[in-house]
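Predicted model, so just to flag it, every value in this text is computed and none were measured. Counting starts at 1 for both ligands and their atoms, following the listed order. Just the heavy atoms: all of them, side chains too, but no hydrogens, waters or symmetry mates, feed the values below.
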Amino acid sequence: MHPEVQQDKPGNCPICGMALEPISVTAETPEVSDEAKDMLPRVGWVGGIGALFSLPVLALAMAHLIPGFHIDHWVAPR
Ligand SMILES: [Zn+2]
């Protein structure tokens, strides 16, 4: 977000606190950063809980698109 901020070592932006990204571009697959390793378990839990609660909503909203399936036989419209 602040391209004028450059350091010769990994760190965070002193203005906004975001992790600094390397300027160099490589064709190699990057290793998982420590920041990502710290964040992935939390995203997994939150994403799993979000998916758990969103699936019924998705099913109720999209059930009318399935030919021959009448959601109102399973769940009262109100
Ligand atoms: Zn910044």
With side chains defined as the heavy atoms from C-beta onward, is the minimum distance between [X] and [Y] less than 4.5 Å?
| X | Y | result |
| --- | --- | --- |
| I23 | Q6 | yes |
| N12 | M18 | no |
| L20 | P10 | no |

Checked the Zn ion (ligand 1): protein N, O or S atoms closer than 2.8 Å come out as H2 ND1, C13 SG, C16 SG
Point to revise | Exceeds 12 heavy-atom contacts within 6.0 angstrom, atom CD of E31 | key: no
query = Do other residues, nucleotides or ligands put more than 12 heavy atoms under 6.0 Å from the CZ atom of F53?
reply = no
Residues at least two apart in sequence or cross-chain that pass side-chain hydrogen bond (donor to acceptor under 3.5 Å, both in side chains) with D38, listed by chain then number, are R42
